[in-house]
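Each ligand, and each atom within it, is numbered from 1 in the order the structure gives.
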Amino acid sequence: MENVKIVGCGYAKAQVRVWNEDLEKIVETSDAWIQQRTGIQSRYITKDENTSDLAYRAAVDALKDANMEAKEIELILVASATPDHFTPATSCLVQEKLGLNGEECTALDINAACSGFVYGLTLASCLLEKYKTILVIGAETLSKIVDWTDRNTCILFGDGAGACIVQQSTNKKMFTYTKSTGDVEGVLKGAGLPIKAGLINGEKNYGYLHMDGKEVFRFALKAMQESIEKVCEQAQILPKDIDLIIPHQANIRIIRHVAKKMQLDEDKFFVNLEEFGNTSSASIAIALACAKEQGKLKPGMKIVLAGFGAGFTSGGVYLEW
Ligand SMILES: CC(C)(COP(=O)(O)OP(=O)(O)OC[C@H]1O[C@@H](n2cnc3c(N)ncnc32)[C@H](O)[C@@H]1OP(=O)(O)O)[C@@H](O)C(=O)NCCC(=O)NCCS
């Protein structure tokens, strides 16, 4: 469905702000290196909240922004690569926390890594014929799967959640684009359980996040540009006509490369990765809510969200504010 509007958005920060200087104490790195190579200065890490707790807080914030009661939500979509459990789904836990048990509400999880929120909005736009009000959340506790002895990855990621509420619209359009390609080489992969139980081969390590940074960087440049162009085609506008781009907050150098390649003003890109780091599925959702909080979203603006991540997955959303 194309006639879709966002009626509220919100976010939740994890409890502890961890600065680059704090990481200097645990791995061989420096604040200067991290800032220069990534643009990140800090990230928020959870102390005792799990993904569903952050997701719930973001949902409450979005409901407040929409001036809406939880009971109006008919579907909850949670995008996460770090759910509380394999099962039950994090969305079901959020449903319970929102007090929606027994109500006419359905809950479903999505895993598209850092593209998760874009995939969530895409699914929501397809499902609005059936569900009138959909809560889309991106939520992560990546600190659970980050190897805190690996300086190549641990400096990049943070925890957090962002949420938005979507409904059908009479005058606003939303266009979406998604793409997935099997990453059989394992260029970017999270923790997994071994196929053979420890009983057979003694394997116990569930594994941590693993990443080939340079390969991911190359993929990200192409994926972000492609996602922006694909949704612009659908909206019948040129990328230069977009008022604000909210990209996945992975690395400022990725954003700058894309801006330069597409000949777009860097100011068109909303950036908050210096504060939050890369929060995967939550990144674009948090950025959207922060942009709103900072008064950067004005009625009638043409906004494009662009994500990429493990899978590989990528995608974009064009929306009108
Ligand atoms: C990870 C990333 C920041 C690394 O930056 P880079 O410029 O490619 O750096 P390199 O990997 O070439 O490393 C350069 C040197 O810095 C070192 N280095 C790596 N991490 C470091 C750190 N945290 N602190 C200090 N030095 C570090 C490397 O070991 C290497 O040293 P060497 O030259 O002696 O071998 C960058 O590749 C990146 O952002 N990739 C995309 C990652 C991403 O977005 N992932 C999520 C996708 S959803």
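Checking Ser91 against Asp109 by side-chain atom types alone, a donor-acceptor pair falls below 3.5 Å. For Thr133 and Gln167, the side-chain atoms include at least one donor-acceptor pair closer than 3.5 Å. The closest side-chain donor-acceptor pair between Ser227 and Lys230, if any, does not fall under 3.5 angstrom. Between the side chains of Tyr119 and Ser281, no donor N or O sits under 3.5 Å from an acceptor N or O. Between the side chains of Thr178 and Thr122, no donor-acceptor pair is found at a separation under 3.5 Å. A donor-acceptor pair shorter than 3.5 Å can be found between the side chains of Gln15 and Asp48. For Glu226 and Tyr177, the side-chain atoms include at least one donor-acceptor pair closer than 3.5 Å.
Considering both main-chain and side-chain atoms, Phe308 never comes within under 3.5 Å of ligand 1 through any nitrogen or oxygen pair. Between His248 and ligand 1, no N or O atom pair is found at a separation short of 3.5 Å.
Distance remark: protein heavy atom present below 4.0 angstrom from atom 12 (O) of ligand 1. Atom 39 (O) of ligand 1 lies below 4.0 Å from at least one non-hydrogen atom of the protein. The nearest protein heavy atom to atom 35 (O) of ligand 1 is not closer than 4.0 Å. Taking a distance limit of 4.0 Å, we find that atom 47 (C) of ligand 1 is approached by some protein heavy atom.
Of the charged side-chain nitrogens involved, none lies within less than 4.0 Å of a carboxylate oxygen, so that Lys5 and Glu320 do not count as a salt-bridged pair. Under 4.0 Å is where a charged nitrogen must lie from a carboxylate oxygen, and between Glu275 and Lys13 at least one such pair does.
The atoms of ligand 1 that sit less than 4.0 Å from any heavy atom of Glu28 are 24 (N), 25 (C). Near Arg37, the atoms of ligand 1 lying under 4.0 angstrom from a non-hydrogen atom of the residue are 6 (P), 7 (O), 9 (O), 14 (C). Atoms of ligand 1 lying under 4.0 Å from any heavy atom of Thr38, numbered from 1 in the order shown and given with element: 3 (C). Listed by atom number, the atoms of ligand 1 under 4.0 Å from Ala250 heavy atoms are 44 (O). Under a 4.0 Å criterion applied to the non-hydrogen atoms of Met211, ligand 1 contributes the atoms 1 (C), 42 (C), 43 (C), 45 (N).
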**Message:** Please evaluate residues Lys298 and Trp321 with respect to the criterion side chain to side chain contact (heavy atoms under 4.5 Å, CB included), reporting the C-alpha separation (whole Å), side-chain torsions for both, the decisive distance (0.1 Å), and the verdict.
**Reply:** CA-CA 7 Å; Lys298 305 264 172 359; Trp321 200 252; 6.0 Å; no

**Message:** If you apply the rule salt bridge (charged side-chain N to carboxylate O under 4.0 Å, His left out), what do you find for Lys292 with Asp65, and how did you get there?
**Reply:** CA-CA 10 Å; Lys292 175 153 198 228; Asp65 186 48; 2.7 Å; yes

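In this comparison of Ser314, Cys114, Gly213, the heavy atom closest to atom 41 (C) of ligand 1 sits on Gly213. Here the shortest heavy-atom distance to atom 21 (C) of ligand 1, taken over Phe219, Phe312, Trp33, Phe157, belongs to Trp33. Closest heavy-atom approach to atom 10 (P) of ligand 1 within the set Lys214, Gln249, Arg253: this belongs to Lys214. With atom 43 (C) of ligand 1 as the reference point, the heavy atom nearest to it among Val216, Ile155, Asn251 is part of Val216.
Nearest protein heavy-atom neighbour of atom 31 (O) of ligand 1: Arg151 NH2, 4.2 Å. Closest protein heavy atom to atom 24 (N) of ligand 1: Thr29 OG1, 2.6 Å. Nearest non-hydrogen protein atom to atom 19 (C) of ligand 1 is Asn152 OD1, 3.2 Å.
Checking each of Thr153, Leu23, Val27 against Trp148 for a side-chain contact (heavy atoms from CB on, under 4.5 Å) leaves exactly one that passes, namely Leu23.
The side chain of Asn278, and not its backbone, has at least one atom closer than 4.0 Å to an atom of ligand 1 (non-hydrogen atoms only; side chain from C-beta on).
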